[in-house]
Colleague: 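Below you will find the structure I want to go over with you.
Quick note: numbers below take in every heavy atom, side chains included, and nothing from hydrogens, waters or symmetry partners. Chain identifiers are assigned alphabetically (A, B, ...) following the order of the sequence lines, protein sequences preceding nucleic acid strands; residue numbering begins at 1 within each chain.
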Number of protein chains: 2
Amino acid sequence: MSSLGPKQRIFASLADIAQAIGHAHRLEILEHLAQGERSVEDLAARIGLTIANTSRHLQILRRARLAEPRRDGKRMLYSLLGETDVIALLKALGRIGERNVAEIEVVMASYFRTRDALEPVSRQDLLARIHDRSVTVLDVRPEDEFAQGHLPGAINIPLAALERRIALLPRDQPVIAYCRGPYCVLSVEAASALRRLGFDARRLEDGYPEWKAAGLQVET
Amino acid sequence: MSSLGPKQRIFASLADIAQAIGHAHRLEILEHLAQGERSVEDLAARIGLTIANTSRHLQILRRARLAEPRRDGKRMLYSLLGETDVIALLKALGRIGERNVAEIEVVMASYFRTRDALEPVSRQDLLARIHDRSVTVLDVRPEDEFAQGHLPGAINIPLAALERRIALLPRDQPVIAYCRGPYCVLSVEAASALRRLGFDARRLEDGYPEWKAAGLQVET
DNA sequence: CTATCGTTCAATCAATCCGTTGATTGATTC
DNA sequence: GAATCAATCAACGGATTGATTGAACGATAG
């Protein structure tokens, strides 16, 4: 009993990692870190937590070796540790949730599909249409996230500024909107608004982090 | 505060799934279920838990929609729900652990690598060598697990019976041993024992569930 | 009806966890 | 050096909750 077998020890460590992603706030933190490195303050503001609470959750992610800080002047910038693997883990978690969990199906149906009845566009589809130049790629994340990396040739119009800057979008070809990931609502809202305005608009099935993790080209 | 956004609701559900796999015993249960369906009693005996405790853990996996029971006479047989996705999730978790967590690296180095200094064989390698017929595939799991499914052409000699039935193994070609998965020690012990006995023996990097989940051919 | 298998209950014990407060550390700026 | 800003830490309350076991309960087979 005192000393566990090697399998048990490994499972105990893996369980610690699973515990670390077992909280909604931490999943949201990871979603933001997947866009690029972020300060504690920045994360707290974006998610709506206190600084202290955000710091605590970051410590948990850090202990589980999912995120890592580096100091930059007086702020600490956190980023994913082993970005691609973390995104793959979150993707595997999301897939199982979407396939097995009724509650998620309900949310997807009641929110995403009523606002955006059309099927999302897959990465492969979008890649092909970028090559054809038969599509406008629209990044609706805030400007600072866009600046940290985005899809090749994408135009950045944050959701809040969409109606104001609508003239930037050509009307003669379809628009594909994307944002932070499969559960980020920005691209849903954007596609919905654009269709109301007469555009042929759809959204990418997931977001920038998944694109990057798939090894596809990105711009800075 | 009363009603969360759609993203928060989805993350809360995903966090529940993550919590469910956040316990070493449950990871071990999942490893066994990945071999095929199992009764509560059977799982309890294999893992070394009481029936009541095993049952409770299974309820948690069930609530998280990772496993599902069906009744067979007086026993309840549990199996993975969405087998391929669950195995993919565990694989993603394992990968991140192996890359990021020092404790796991220590165990791998101190147990697996001292017993089996050679690099494990990848699935692709093994597949090619099965086609060549240049290798003996050895399944060292218990007979009942072998009976529920195994790699094409594999010979089954449970680890406990290995020395007794050693004559079944041809000595003129390499042996590749496999078992339940990447953290199962059976194939490590087998490869180690076989090399002591003069065989050219190595082990597969993971096990039967991963082979099956990759869509490769299996026999029953 | 009895034996078997599993679930659930009640209880225990322990642990953990979340979020907050207020003090403190580190780094920068004036 | 003093002031300022960012983040962490220690500590706490409170709640939660989690693992585990034995006993009681339900379902099924023979």
Side-chain angles (χ1 to χ4, degrees), chain A residues 1-2 4 8-9 11-30 32-33 37-79 144, chain B residues 1-2 4 8 11-30 32-33 37-64 66-79 144:
Chain A
M1 173 106 310
S2 64
L4 299 166
Q8 283 73 21
R9 289 175 63 192
F11 281 159
S13 290
L14 295 181
D16 289 340
I17 299 176
Q19 295 263 17
I21 59 171
H23 191 281
H25 286 164
R26 289 195 287 270
L27 288 174
E28 205 170 349
I29 290 177
L30 291 172
H32 281 282
L33 291 182
E37 57 181 7
R38 295 268 174 280
S39 70
V40 180
E41 193 183 27
D42 188 351
L43 284 168
R46 279 182 153 92
I47 302 182
L49 302 176
T50 63
I51 304 262
N53 195 12
T54 305
S55 178
R56 258 183 122 295
H57 283 301
L58 283 167
Q59 298 311 316
I60 292 167
L61 293 174
R62 192 179 167 184
R63 233 174 307 152
R65 315 244 42 208
L66 291 167
E68 214 180 27
R70 89 183 161 83
R71 187 173 272 285
D72 169 47
K74 35 183 161 178
R75 61 184 91 226
M76 297 292 273
L77 297 180
Y78 278 82
S79 54
D144 55 343
Chain B
M1 170 110 311
S2 63
L4 299 165
Q8 283 72 21
F11 281 160
S13 290
L14 294 181
D16 289 340
I17 299 176
Q19 294 261 16
I21 60 172
H23 191 283
H25 287 163
R26 289 196 287 270
L27 289 174
E28 205 170 350
I29 289 175
L30 291 172
H32 281 283
L33 291 183
E37 55 180 9
R38 293 270 174 280
S39 71
V40 179
E41 191 184 28
D42 188 351
L43 285 168
R46 280 181 151 96
I47 301 181
L49 302 176
T50 62
I51 305 260
N53 196 13
T54 305
S55 178
R56 290 225 71 224
H57 282 302
L58 284 167
Q59 299 311 317
I60 291 166
L61 293 175
R62 196 179 163 182
R63 231 174 309 152
L66 291 167
E68 214 181 25
R70 89 180 160 86
R71 185 172 276 284
D72 170 45
K74 33 185 162 180
R75 61 185 89 225
M76 296 292 275
L77 297 180
Y78 278 83
S79 54
D144 55 342

Colleague: Do the non-hydrogen side-chain atoms of A:Glu37 and A:Arg70 ever get within less than 4.5 Å of each other?
Modeller: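 They are in contact (side-chain heavy atoms under 4.5 Å apart), so the answer is yes.
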Colleague: Tell me whether B:Ser55 contacts the main-chain N or O of B:Ile51 through its side chain, where contact means a donor paired with an acceptor under 3.5 Å.
Modeller: no
Colleague: Output the rounded distance in Å from CG (B:Asp72) to C1' (C:dT4).
Modeller: 13 Å
Colleague: Classify A:Ile60 by what it touches in the nucleic acid, base, sugar-phosphate, or nothing, heavy-atom distance under 4.0 Å.
Modeller: sugar-phosphate
Colleague: Can you pull the salt bridge (Lys or Arg N to Asp or Glu O under 4.0 Å) pairs that have at least one residue in residues 54-64 of chain A, sequence neighbours excluded?
Modeller: none
Colleague: Judged by each residue's nearest nucleotide on DNA chain C, which is more toward the 5′ side, A:His23 or A:Gly73?
Modeller: A:His23
Colleague: Donor-acceptor pairs are to be reported for all side-chain atoms of residues 38-49 of chain B against protein atoms at under 3.5 Å, with residues two or more places apart or in another chain.
Modeller:
residue: B:Arg38; atom: NH1; partner: B:Gln148; partner atom: OE1; Å: 2.5
residue: B:Arg38; atom: NH2; partner: B:Gln148; partner atom: OE1; Å: 3.3
residue: B:Ser39; atom: OG; partner: B:Asp42; partner atom: N; Å: 3.1
residue: B:Asp42; atom: OD1; partner: B:Arg46; partner atom: NH1; Å: 2.3
residue: B:Asp42; atom: OD2; partner: B:Arg46; partner atom: NH1; Å: 2.7
residue: B:Arg46; atom: NE; partner: B:Glu145; partner atom: OE2; Å: 3.1
residue: B:Arg46; atom: NH2; partner: B:Asp144; partner atom: OD1; Å: 3.0
residue: B:Arg46; atom: NH2; partner: B:Asp144; partner atom: OD2; Å: 2.7
residue: B:Arg46; atom: NH2; partner: B:Glu145; partner atom: OE2; Å: 3.1

Colleague: Whether the side chain of B:Gln19 engages the backbone of A:Gly22 through a donor-acceptor N/O pair (distance < 3.5 Å, no angle test) should be reported.
Modeller: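 Between the backbone of A:Gly22 and the side chain of B:Gln19 there is a qualifying donor-acceptor contact (under 3.5 Å).
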Colleague: Any side-chain N or O of B:Ser55 less than 4.0 Å from the OP1 or OP2 oxygen of C:dG6?
Modeller: no
Colleague: Rounded to whole Å, please give me the gap between CG in A:Leu61 and P in C:dC17.
Modeller: 13 Å
Colleague: Output the single nucleotide from C:dT20, C:dG6, C:dT28 whose closest atom is nearest the side chain of B:Glu41.
Modeller: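 Nearest nucleotide to the side chain: C:dG6.
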Colleague: Quick one: A:Ile51 CD1 to C:dG19 C1', roughly how many Å, whole number?
Modeller: 14 Å
Colleague: Base, sugar-phosphate, or nothing: which does A:Thr50 touch, judged by heavy atoms less than 4.0 Å apart?
Modeller: sugar-phosphate
Colleague: With a strict under 4.0 Å distance from non-hydrogen atoms of chain B, what nucleotide opens and what nucleotide closes the contacted stretch of DNA chain D, reading 5' to 3'?
Modeller: D:dA19 to D:dA29
Colleague: Rounded to whole angstroms, how far apart are CG on B:Leu43 and P on C:dC5?
Modeller: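 The answer, rounded to whole Å, is 14 Å.
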Colleague: What is the distance, to the nearest angstrom, from the CG atom on A:Leu49 to the P atom on C:dG19?
Modeller: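 Distance check: A:Leu49 CG to C:dG19 P gives 7 Å.
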Colleague: Output the rounded distance in Å from NE2 (B:His57) to P (C:dT8).
Modeller: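 For the pair B:His57 NE2 and C:dT8 P, the rounded distance is 15 Å.
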Colleague: Does A:Arg56 or B:Pro69 map to a spot on DNA chain C nearer the 5' end, using the closest nucleotide for each?
Modeller: B:Pro69
Colleague: Rounded to the nearest 0.5 Å, what separation is found between the CD atom of A:Glu28 and the NE2 atom of A:His57?
Modeller: 10.5 Å
Colleague: Please classify the nucleic acid contact of B:Arg62 as base, sugar-phosphate, or nothing, using heavy-atom distances under 4.0 Å.
Modeller: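 Here B:Arg62 touches no strand at all.
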Colleague: Counting only side-chain nitrogens and oxygens, does B:Tyr78 get under 4.0 Å of the OP1 or OP2 atom of C:dT7?
Modeller: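 Yes, within the criterion.
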Colleague: May I ask you to say what B:Ser39 touches in the nucleic acid, namely base, sugar-phosphate or nothing, with a heavy-atom cut-off under 4.0 Å?
Modeller: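 The answer is sugar-phosphate, as B:Ser39 gets under 4.0 Å only of primed atoms, P, OP1 or OP2.
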Colleague: Any base atoms under 4.0 Å from A:Arg71, or only sugar-phosphate, or nothing? Heavy atoms, all strands.
Modeller: sugar-phosphate
